[in-house]
Amino acid sequence: MKIVRAQLRQFRNHDCTELDFGMTTNALLGDNGHGKTNILEALSFLCLTKSFYASSDAIVLQQGKDFFELRGTLLSDVGVEHDVRIVYESQTNHKKVFIDGKEPATFSSVIGQFPIVVLSPENSNITFGTPSDRRRFMDLVVAQSSRVYVEDVLEYRKALRQRNKILSDISRNGGSSALLEPWNETLVLHGSKVLLKRVRFFEEFAPYIMRAYAAIAHELETPQVEYVPNVETAPHDSPDVVGERFKAKLEEKKRDELRIGSTLVGPHRDEVAFSLNGLQLRAYASQGQHKTFLVALKVAEFFYLKERCAETPVVLLDDVFTELDGTRSQKLIALIESLGQTFITTTSEHVFHETIHWDDGRRRFTIHNGAAVQHDHEAAA
Amino acid sequence: MRYTSESVEQLVEEFAQLPGIGKKTAQRLALFILKLPREKVVTFAQALINIKDKVRYCSICSNITESDPCYICSSPKRTRGIICVVEEPRDVMAIEKTNEFHGLYHVLGGALSPLDNIGPEDLKVKELLARITDDIEEIILAMNPNVEGEATTIYLSRLLKPLSVKVTRIARGLPIGGDLEFADEATLSRALEGRIAL
């Protein structure tokens with residue numbers, strides 16, 4: 001997939017910005033605070049219907065304005081153009097998405113149609129942060145590759161919220177735990193599906209990480225990724241078998257759950273373990289190893305989605321080169337440029353190798369005060 | 001005041017409170033009513049009052065009705081041994097349209113949802129249990145295919161099974177007349193899960 005063109009209206013600090021992109025590398029240059037990342041965020045909206053960054057739609061609206069509008073022309077690998085339009089109105093707090101003029105049934109049904117891979121400074125949480133940061137990373141990859149997974153996770157979360165409400169009511173006011181019964185089964189039903197999908201995903205994903213890490217790292221190190229479920233699950237288990245274990249575990253933790261007032265068993269509390277040469281990344285890795293691991297995860301995500309979605313993901317790199325040293329940066333740029341379309345924000349053009357040739361496919365834009373200017377000599381080319 | 005007539009403004013406000021009706025539609029509806037002959041408007045207004053005055057809940061199945069018991073519960077043509085349990089009166093209307101079901105109904109008045117503070121005691125569950133006698137052969141559970149509907153199905157099936165009555169649930173799957181390729185992924189995957197041996 002390629003993003004041919006994007007228009008931003010009243011989106012963050014962009015009042016009215018139009019960009020015609022190059023088909024390989026697009027450098028978004030400029031000082032901090034002028035709106036480079038905002039453009040990446042707009043691209044994320046066009047592909048996923050939401051930001052990779054902001055928690056709500058209202059946040060990205062320009063101050064004092066009552067709506068924002070984004071338009072994009074997206075070109076699929078087989079050469080079909082799609083027109084994506086997103087409009088948000090603050091008065092109704094309502095967002096509308098149009099793909100080729102038609103509204104999709106749900107926002108979640110769009111996820112995966114236009115796959116993207118984002119690497120931004122916040123992503124360092126994936127290796128440094130909490131289990132929930134790692135689950136969020138995993139969920140976005142699996143969601144983009146399986147629409148059924150999106151539905152399963154949404155239903156699981158709904159069942160979880162309902163069940164937690166009963167638990168918190170009982171822990172506060174007392175009451176019969178018999179009310180939990182139907183919700184246990186609903187939780188187990190959807191939870192087992194989520195568990196199996198995740199465990200199977202990591203089984204498939206592991207070789208991608210190995211290859212990606214080998215392509216980027218200086219040293220000969222072996223990375224491992226492993227999903228650590230709190231309900232024992234193996235890739236080839238049947239949903240019923242996992243469900244039985246899930247139920248047994250719920251029974252085991254029942255007293256604690258009633259005391260604490262929330263659900264302690266299930267995929268919402270699982271961990272994703274990263275390690276290098278058998279040593280846990282969080283505890284033992286150096287800063288450099290963390291960075292290499294993160295980039296490897298993203299490169300693996302790229303190849304995984306490319307195969308799974310049968311569509312080449314667009315890569316958004318937000319200010320990542322302040323984090324990486326020169327060799328690693330250029331290795332990454334070279335690797336990704338050979339594969340698809342990339343959008344790179346940076347304050348310093350020096351991250352690009354001096355021999356890089358800016359032409360029609362590789363374009364530079366300077367972003368200043370919420371406006372974008374494409375560098376002249378390339379526009380003419 | 002935005003309108004030159006207080007009566008128009010009042011009607012617009014009233015319409016705008018209806019679900020799915022915005023200000024502009026409300027305005028169009030109000031002006032449409034204004035153009036109708038008086039007797040049409042009287043009939044319309046009377047219909048509104050009637051549903052408040054005449055419609056109540058059937059003491060047997062809890063469906064909406066004007067006569068108690070409702071015409072389904074009192075019909076001699078219905079098979080009395082089968083009860084189809086649904087969430088809302090509109091579900092009865094939907095199933096009735098099929099003309100395929102000739103048993104009786106039971107309307108729960110919703111589905112279990114702790115977040116909305118709806119527990120078993122807020123639904124017509126006791127009333128359902130009271131209807132189960134030796135003459136009842138089968139209970140069909142026809143809840144909505146969402147998390148709340150599922151939990152309600154599980155809850156009821158647990159309650160009903162010890163009463164030695166056959167309990168079934170409606171199948172979920174693909175819409176008729178549609179091609180497989182047009183089904184959304186979630187529906188298709190459910191249909192695969194619910195496959196049956198031939």
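Here is the naming used below: chain letters follow the sequence lines, and residue numbers restart at 1 for every chain. Please read these numbers as outputs of a predicted model, since none were measured by experiment.
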Assess whether side-chain contact (heavy atoms from CB on, under 4.5 Å) is satisfied between Glu185(A) and Glu150(B), documenting all intermediate values. CA-CA 9 Å; Glu185(A) 291 208 19; Glu150(B) 245 163 41; over 6 Å; no
Would you mind reporting whether Lys193(A) and Glu193(B) have side-chain heavy atoms less than 4.5 Å apart? yes
Steps toward salt bridge (charged side-chain N to carboxylate O under 4.0 Å, His left out) verdict (Glu148(B), Arg163(A)): CA-CA 11 Å; Glu148(B) 290 76 18; Arg163(A) 189 175 186 273; over 6 Å; no
Is the shortest heavy-atom distance from the side chain of Val147(B) to the side chain of Tyr156(A) under 4.5 Å? no
With a 4.5 angstrom heavy-atom cut-off, is it the side chain or the backbone of Asp152(A) that approaches chain B, or both, or neither? side chain
Would you mind checking which part of Leu189(A) comes under 4.5 Å of any heavy atom in chain B, side chain (CB onward), backbone (N, CA, C, O), both or neither? side chain
Any sub-3.5 Å donor-acceptor pair from Gln162(A)'s side-chain atoms to Leu115(B)'s backbone N or O? yes
State, yes or no, whether a side-chain contact exists between Pro120(B) and Leu179(A) at a heavy-atom distance under 4.5 Å. yes
Contact part of Ser113(B) toward chain A, heavy-atom cut-off under 4.5 Å: side chain, backbone, both or neither? both
Answer with yes or no whether the side chains of Asn146(B) and Lys158(A) bring together a donor and an acceptor at under 3.5 Å. no
With heavy-atom distances below 4.5 Å as the criterion, would you say the side chains of Pro182(A) and Thr152(B) are in contact? no
Pairwise side-chain contact, Trp183(A) with Leu112(B), heavy-atom cut-off 4.5 Å (strictly under): yes
